[in-house]
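Each remark here refers to the structure printed beneath this line.
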Amino acid sequence: MEKTFRNYDPLDVTSAVREHYRKMRQHQTLDYVRGMHKKYLTFDKPMPLWEAMEHLNSLIDVSDPDLDLPNVQHLIQSAEAIREDNRPDWMQLTGLIHDLGKVMYLWGSDEDGTSQAEQWGMVGDVFVVGCALPDTCVYPEFNTLNPDMKDKRYNTPSGIYEEGCGLDKLNLAWGHDEYLYQVLENHKENKLPEEAMTMIRYHSFYPWHTGGSYTELLNEKDQDYLEIIRDFNRYDLYTKSNTIYDLEAIKDYYQPIAEKYLGNGPIYW
Ligand code: FE
Ligand code: FE
């Protein structure tokens, strides 16, 4: 039987996935997101890349209905599929690190939704805060639970944003995409191309890249972003399997690429 991905049907999916999305929709408001930026974007915790990878050995993403392996396995599976297709080295590295922002669980809390137990501020499809929630969100029935949807400033299609302002001006729900993007933006040795940074920042933004929502906020540049994300997402989604890799064994191949684009020093989280 052919495997289907991203099936959120209540009859198939665990209640943990649904519960995750209910809490995410309920707690991720514009105020919350602003608070998380202040709290987490401090860049004062040095940790080498490979140590961060190892920490994802102890994290299973509760929002993912397709995979119940430690997250580091998903990262290696994505990277290896990109490598298999002979795609550029920077893209292979991007596959390897794209979910590394989940290390925030090391300094996260249940209250912020950034812990092992509470992951609603860390993983799952993201949406824009500060404007209306579209019905392309998974479980759109939870949209009304978001307190911002009762606020006139925030519940219109463009909300606090100028029409056509473009993706880069929007505030997305807080999670591992934005965290890693900001950490790498701040990383002085970062030489990853812009496309890689786009893949990292927007890969969880399903209501836009797959749902086709937020048209009033987009600009021309976002059309290019869309192509970049769609290219990357095939590897993020369709490579999920039960193949287990050994992190130590793949290091030999990826270490020189990591060094080329991220340098030798630690990354400041
Ligand atoms: Fe991700
Ligand atoms: Fe991923």
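In each ligand, atom 1 is the first atom listed, and ligand 1 is the first ligand listed.
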Would you mind telling me which of Asn71, Thr243, Leu96, Asp246 makes a side chain to side chain contact (heavy atoms under 4.5 Å, CB included) with Ile76?
Leu96

Sort by chain and number the protein N/O/S atoms found under 2.8 Å from the Fe ion (ligand 2).
His74 NE2, His98 NE2, Asp99 OD2, Asp236 OD1

Tell me whether Arg22 forms a cation-pi arrangement with Tyr139, defined as NZ or CZ under 6.0 Å from the six-membered ring centre and within 45 degrees of its axis.
no

Is NZ or CZ of Arg25 both nearer than 6.0 Å to the six-membered ring centre of Phe142 and within 45° of the ring axis?
no

Are His37 and Tyr40 near enough that their ring centres are under 6.0 Å apart?
no

Check residues 121-137 and write down every donor-acceptor pair under 3.5 Å in which the side-chain atom is one partner and the other belongs to a residue at least two apart or another chain.
unit_1 : atom_1 : unit_2 : atom_2 : d
Asp125 : OD1    : Arg6   : NH1    : 3.3
Asp125 : OD1    : Tyr21  : OH     : 3.3
Asp125 : OD2    : Arg6   : NH2    : 2.6
Thr136 : OG1    : Ser213 : OG     : 2.7

Would you kindly say whether Tyr225 and Asp168 are connected by a side-chain donor-acceptor distance under 3.5 Å?
yes

